[in-house]
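Read through the structure below, which is laid out as C-alpha cells, and then see the notes.
The figures here come from the full heavy-atom set of this structure, side chains too, leaving out hydrogens, waters and symmetry mates. Values in this document were obtained by computation on a predicted structure and should not be read as measured data. Letters A, B, ... mirror the listed sequences (proteins, then strands); counts begin at 1.
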2 protein chains.
Amino acid sequence: MLELAVLGLLKERPMHGYELRKQLTQRLGLFWTVSFGSLYPTLKRMERRGAVARAEVRGEGRMRQVYRVTPAGELLFLDLLCEGLDTPEQERFPLRMAFLGHVGPELRIRLLERRKRWLQDRLEAGSQSLRHLSPGADAYATSLVRHGLDHTERDIAWLDDLLATERHRLDEERGSWPCAGGTPPEPPLYPSTQEMPTP
Amino acid sequence: MLELAVLGLLKERPMHGYELRKQLTQRLGLFWTVSFGSLYPTLKRMERRGAVARAEVRGEGRMRQVYRVTPAGELLFLDLLCEGLDTPEQERFPLRMAFLGHVGPELRIRLLERRKRWLQDRLEAGSQSLRHLSPGADAYATSLVRHGLDHTERDIAWLDDLLATERHRLDEERGSWPCAGGTPPEPPLYPSTQEMPTP
DNA sequence: AATTTCATGTAATTCGTTACATGATTCC
DNA sequence: GGAATCATGTAACGAATTACATGAAATT
C-alpha cells in the first residue's frame with residue numbers, strides 16, 4: 001500500500017518524506033492519509049531493500065533526506081501495481097488509479113477491467129443480500145446497502161467512461177509498451193470525462 | 001470496529017460465531033467482511049470482559065457457542081457507537097449506520113449530522129486539492145479526485161434525506177429516549193427514500 | 001517572543017489478516 | 001463414500017496507527 005504510493009510519487013520526481021506526504025494527501029486525501037509514523041520507517045526499509053536511494057540535501061531551510069527511485073524500485077512499482085488483482089482490495093484501487101498514468105494503455109485497460117469485474121460481483125452480492133434483507137426488517141441497514149449499491153453502479157459507469165477513452169486512444173497510437181521495461185514514451189494526457197457537478 | 005458490530009448484532013438476538021459472520025456479511029458485506037480469525041478471539045475477549053455471555057447450546061447439528069449481550073455490553077455498545085465522532089473515520093460510518101436503529105432519534109440525528117459535517121469538510125478539502133492539482137498535469141489523479149467528490153456529494157444528499165425523515169418523525173412522536181438506559185420503544189420503521197435503480 | 005510550519009524519527013499498540021488445524025454434519 | 005458446508009479455534013504475521021520526542025526555520 002504505502003510502498004506503492006511512495007514509488008508512484010517518487011517516479012515523478014525525487015522528494016523528501018515531508019513533501020511526499022503533502023503530495024500524497026493532495027492526490028489521495030479523499031481516500032487515504034498517511035501518518036509520518038509509517039511513512040518514515042517505510043522509506044528507510046525501502047532504502048535498505050534498494051528500491052529507493054537516499055541523498056542528504058541542503059534545501060532552502062534545513063537538511064532534508066531526498067529519495068529517488070532506483071531501477072529495482074521501478075520493477076517493484078509494477079509488481080505492487082499489479083499485485084492482488086485477483087483479490088482487488090477495495091481500498092487499494094484508488095492508489096492504483098492515481099498512478100495509472102505511469103503505465104502503458106494495455107496494462108491500464110487490464111487493471112480497469114479487473115476492477116470493473118470486481119464491482120459487478122459486488123453488485124450481484126449486494127442485490128442478493130438486499131433481497132434477503134428487505135422483508136420489512138431493518139430500515140437503516142437496508143438503506144445503507146441500497147446506497148452502497150448506488151455508489152457501486154456509479155463506479156462502474158465511471159470505469160466504462162475511462163475504458164472507452166482508453167480503448168479509443170489505443171486504436172490511434174500504435175506505440176504499445178507492455179508491463180515491464182523502460183520508461184513510457186511520455187504518457188499522453190487523459191481527457192477527463194467526468195463532469196464537475198457544483199464547483 | 002468488530003466489537004461494535006458484534007454487539008450490534010447480538011442486541012437483536014443471541015447468535016453463535018458462524019452465524020454472526022453470515023449476518024455481518026449480509027449487512028455490511030459491501031463495506032467490510034470479517035474473518036473468523038478475528039471474530040472468534042474477539043468473542044472470547046468480550047466474554048472475559050463481561051460484555052457478552054456465552055452459553056453452550058446443542059443446535060440442530062453440533063454444539064454451538066451462543067453469545068448474548070449483557071447489560072455491560074449494552075453500555076459498551078453505546079460507547080463504541082459514539083466513539084471517535086470528532087475523528088469520524090471513513091470506514092467506521094457504515095457500521096454505525098447499520099445499527100442506527102438501536103438508538104433513539106436524538107442520538108441518530110447527532111450521529112448523522114456529525115457525519116454530514118465531516119463529509120462537507122472533505123468536500124472542501126477535495127475541491128481545494130483539485131484546484132491545486134488541475135493545471136494540466138495528471139489526468140488520472142484528477143479524474144479520481146473528481147469522482148471522489150461526486151461520491152461525497154451523493155453521500156451528503158443521502159444524509160440530508162435521512163435527516164429530513166428523522167426530524168419529521170421526531171416532531172410527531174414525543175416519546176424521546178436519550179443516549180443511555182433501557183430498550184427503545186420498538187424502533188419505528190424507516191421509510192426508505194432511496195430509489196432502487198435497476199433491481 | 002510566541003506560534004506555526006517544516007522536518008525527522010522511535011516505540012508501543014491496535015486491529016486486523018492469512019495460514020493452519022480440527023472435526024461434525026449434511027448433501028449428492 | 002466424497003464433497004461441501006457448518007463450526008471453532010490458534011499462531012504467526014502485517015500494515016498501519018498513536019503517542020512520544022526533537023529541533024530548525026519562518027511567520028506574526
Check whether any side-chain N or O of A/Arg58 sits under 4.0 Å from OP1 or OP2 of D/dA24, and answer yes or no.
-> no
Find the distance between CG (A/Leu10) and CD (A/Glu19) and round it off to the nearest 0.5 Å.
-> 10.0 Å
Hey, could you give me the CG/CG distance between B/Leu78 and B/Leu7, rounded to the nearest 0.5 Å?
->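 CG of B/Leu7 is found 10.0 Å from CG of B/Leu78.
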Under 30°, 30 to 60°, or over 60°: which ring-plane class applies to B/Tyr18 and B/His16, parallel, tilted or perpendicular?
->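 Parallel, since the angle between the ring planes stays under 30°.
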Determine the interplanar angle of the A/Tyr40 and A/Phe36 rings, folded into 0 to 90°, and report it as parallel if under 30°, tilted if 30 to 60°, perpendicular if over 60°.
->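 If you compare the ring of A/Tyr40 with that of A/Phe36, the planes turn out parallel.
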In whole angstrom, what separates [X]'s [atom1] from [N]'s [atom2]?
X	N	atom1	atom2	result
B/Met1	D/dT17	CE	P	14 Å
B/Leu39	C/dC15	CG	P	15 Å
B/Arg92	D/dT17	CZ	C1'	14 Å
A/Glu3	D/dA16	CD	C1'	12 Å
B/Met46	C/dG16	CE	C1'	16 Å
A/Gln23	C/dA7	CD	P	13 Å
A/Glu91	D/dG14	CD	P	17 Å

Apply side chain to side chain contact (heavy atoms under 4.5 Å, CB included) to A/Arg48 and list each qualifying residue two or more places apart in sequence or on a separate chain.
-> A/Lys44, A/Arg45
Quick tally for nucleotides 5-12 of chain D: nucleotides whose base has a protein heavy atom under 4.0 Å get B, sugar-phosphate-only ones S, the rest -, giving -BBBBB--
Rounded to 10°, tell me the angle between the two end axes of the helix from C/dA1-D/dT28 to C/dC28-D/dG1, each built from five pairs.
-> 40°
Are the side chain of B/Thr152 and the backbone of B/Leu123 linked by a donor-acceptor contact shorter than 3.5 Å?
->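 Such a contact is absent between B/Thr152 side chain and B/Leu123 backbone.
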Name the one of B/Ile109, B/Leu100, B/Leu112 that satisfies side chain to side chain contact (heavy atoms under 4.5 Å, CB included) with B/Leu162?
->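 When side chain to side chain contact (heavy atoms under 4.5 Å, CB included) is applied between B/Leu162 and each of B/Ile109, B/Leu100, B/Leu112, only B/Leu112 qualifies.
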Given the options B/Arg115, B/Arg154, B/Lys116, B/Asp160 meets salt bridge (charged side-chain N to carboxylate O under 4.0 Å, His left out) only with B/Lys116
Under a 4.0 Å N-O cut-off, is there an ion pair linking A/Arg122 with A/Asp155?
-> no
